[in-house]
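Note that ligands are numbered from 1 as they come in the structure, with each ligand's atoms numbered from 1 the same way. The figures here come from the full heavy-atom set of this structure, side chains too, leaving out hydrogens, waters and symmetry mates.
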Amino acid sequence: MHQYQKNNIKVHFGLFEMKDLDNLILFLENLSTESKKRFGPHPFTKETILELFNLDDYLLFTAKTQAEKTIIAYTVVKKGWLDFEHQRLNSYGLNMRPGDFTIAPSVADNWQGMGIGSTFLEYVIHFLSKNLQMKRLILWGGVQRDNERAVRLYQKQGFRVLGHFEYHGLNTDMIFEME
Ligand SMILES: CC(C)(COP(=O)(O)OP(=O)(O)OC[C@H]1O[C@@H](n2cnc3c(N)ncnc32)[C@H](O)[C@@H]1OP(=O)(O)O)[C@@H](O)C(=O)NCCC(=O)NCCS
């Protein structure tokens with residue numbers, strides 16, 4: 001569960017550790033323009049990572065190759081909802097409650113489409129439900145409607161569509177609810 005293994009490649013999932021700060025910045029900076037258009041929950045600076053790391057309501061997760069310890073995927077999670085999303089989420093008849101979390105995942109370009117994002121998402125959901133009593137998971141800023149791989153990833157995991165909104169194109173809000 002904490003590991004992805006395929007074709008002799010082993011990837012380890014876990015909470016971000018401060019010793020990997022430079023490694024994480026490198027991962028973020030190296031994302032392609034295309035991936036950065038899809039994933040940009042916060043500025044990709046050391047200051048931001050340090051700040052989020054020290055805030056109680058944020059959790060940072062990484063996926064590292066076992067061989068080189070390179071970060072190849074990163075997920076940021078916020079307890080509750082982001083301030084600017086309340087109004088939109090409320091418009092679907094949703095009200096924030098304990099057990100709500102918000103998620104934004106990313107996988108390095110060279111590693112996309114290999115199943116790593118799926119295994120990573122399963123790991124994070126398992127971690128949050130087991131350790132932090134997560135009941136519902138919301139997408140950070142929704143998902144761009146033309147981001148087919150991400151939409152497929154969320155559907156496969158059991159997320160359902162809440163609604164759509166316009167922001168630099170069409171976006172979809174989705175939610176995952178524990179049974
Ligand atoms: C979205 C993202 C996290 C998914 O991770 P990933 O490791 O690439 O995804 P996976 O390989 O696990 O694939 C997920 C599903 O999408 C499918 N898929 C892969 N490429 C696809 C494509 N071009 N179109 C549609 N579906 C696709 C996969 O087949 C898989 O479904 P399956 O298991 O039923 O076959 C990753 O691609 C990424 O970081 N993209 C850029 C940033 C981003 O979009 N973040 C999300 C913002 S909401």
Engineer: Do me a favour and list the nearest non-hydrogen protein atom to atom 43 (C) of ligand 1 with residue, atom name and distance?
Structural biologist: Arg38 CB, 3.6 Å
Engineer: What protein heavy atom is closest to atom 12 (O) of ligand 1, reported as residue, atom name and distance in Å?
Structural biologist: Ser118 OG, 2.5 Å
Engineer: Indicate yes or no: does Glu34 engage Arg38 in a salt bridge with an N to O separation below 4.0 Å.
Structural biologist: yes
Engineer: Give a yes/no on ligand 1: does Tyr154 have at least one heavy atom closer than 4.0 angstrom to it?
Structural biologist: yes
Engineer: Indicate yes or no: does an N/O atom of Ser35 lie under 3.5 Å from an N/O atom of ligand 1?
Structural biologist: no
Engineer: Check whether Lys6 reaches the backbone of Ile116 with its side chain - one donor and one acceptor, N or O, closer than 3.5 Å.
Structural biologist: no
Engineer: So Lys78 and Trp140, do their side chains get closer than 4.5 Å, heavy atoms only?
Structural biologist: yes
Engineer: Can you name the atoms of ligand 1, numbered from 1 with element, that are less than 4.0 Å from a heavy atom of Phe39?
Structural biologist: 42 (C)
Engineer: Should the pair Lys135-Asp100 be classified as a salt bridge under the 4.0 Å nitrogen-to-oxygen rule?
Structural biologist: no
Engineer: Between ligand 1 and Val107, is the shortest N or O to N or O distance under 3.5 Å?
Structural biologist: yes
Engineer: Can you find a side-chain donor-acceptor pair between Lys156 and Ser118 that sits under 3.5 Å?
Structural biologist: yes
Engineer: Report all side-chain donor-acceptor pairs from residues 160-168 shorter than 3.5 Å, counting only partners two or more places apart or in another chain.
Structural biologist:
{"unit_1": "Arg160", "atom_1": "NE", "unit_2": "Glu177", "atom_2": "OE1", "d": "3.1"}
{"unit_1": "Arg160", "atom_1": "NH2", "unit_2": "Glu177", "atom_2": "OE1", "d": "2.9"}
{"unit_1": "His164", "atom_1": "ND1", "unit_2": "Thr172", "atom_2": "OG1", "d": "3.0"}

Engineer: Please check if a non-hydrogen protein atom sits closer than 4.0 Å to atom 16 (O) of ligand 1.
Structural biologist: yes
Engineer: Given Gly115, Ser32, Gly117, Gly113, which has its nearest heavy atom closest to atom 8 (O) of ligand 1?
Structural biologist: Gly113
Engineer: Quick test: of every protein heavy atom, which one is nearest to atom 18 (N) of ligand 1, and how far off is it to 0.1 Å?
Structural biologist: Arg149 CG, 3.7 Å
Engineer: Among Pro105, Pro41, Ala150, which residue places a heavy atom closest to atom 45 (N) of ligand 1?
Structural biologist: Pro105
Engineer: Please check atom 28 (C) of ligand 1 for a protein heavy-atom neighbour under 4.0 Å.
Structural biologist: no
Engineer: Which residue supplies the protein heavy atom nearest to atom 24 (N) of ligand 1, what is that atom called, and how far is it?
Structural biologist: Glu148 CB, 3.7 Å
Engineer: Given Phe61, which partner from the list Tyr74, Phe13, Phe120 fulfils the side-chain contact (heavy atoms from CB on, under 4.5 Å) test?
Structural biologist: Phe120
Engineer: Just let me know how Asn147 lines up against ligand 1, side chain, backbone, both or neither, with a heavy-atom cut-off below 4.0 Å.
Structural biologist: side chain
Engineer: Which one holds for Lys156 and ligand 1: side chain close, backbone close, both close, or neither close, with close meaning a heavy atom under 4.0 Å?
Structural biologist: side chain
Engineer: Tell me whether Leu139 reaches ligand 1 (any heavy atom closer than 4.0 angstrom to a ligand atom).
Structural biologist: no
Engineer: For atom 5 (O) of ligand 1, state whether the nearest protein heavy atom is under 4.0 Å away.
Structural biologist: yes
Engineer: Find all atoms of ligand 1 within a distance of less than 4.0 Å from any non-hydrogen atom belonging to Arg152, and give their numbers and elements.
Structural biologist: 15 (C), 16 (O), 17 (C), 26 (N), 31 (O), 34 (O)
Engineer: Below 4.5 Å, heavy atoms only, C-beta onward: do Arg136 and Met178 meet side chain to side chain?
Structural biologist: no
Engineer: Among all protein non-hydrogen atoms, which one is nearest to atom 40 (N) of ligand 1, and what is the separation to 0.1 Å?
Structural biologist: Gln112 NE2, 3.5 Å
Engineer: Measure from NZ or CZ of Lys79 to the centre of the six-membered ring of Phe101, then state whether that distance is under 6.0 Å and the direction lies within 45° of the axis.
Structural biologist: no
Engineer: Hey, does the side chain of Ser35 reach the backbone of Ser32 with a donor-acceptor pair shorter than 3.5 angstrom?
Structural biologist: no
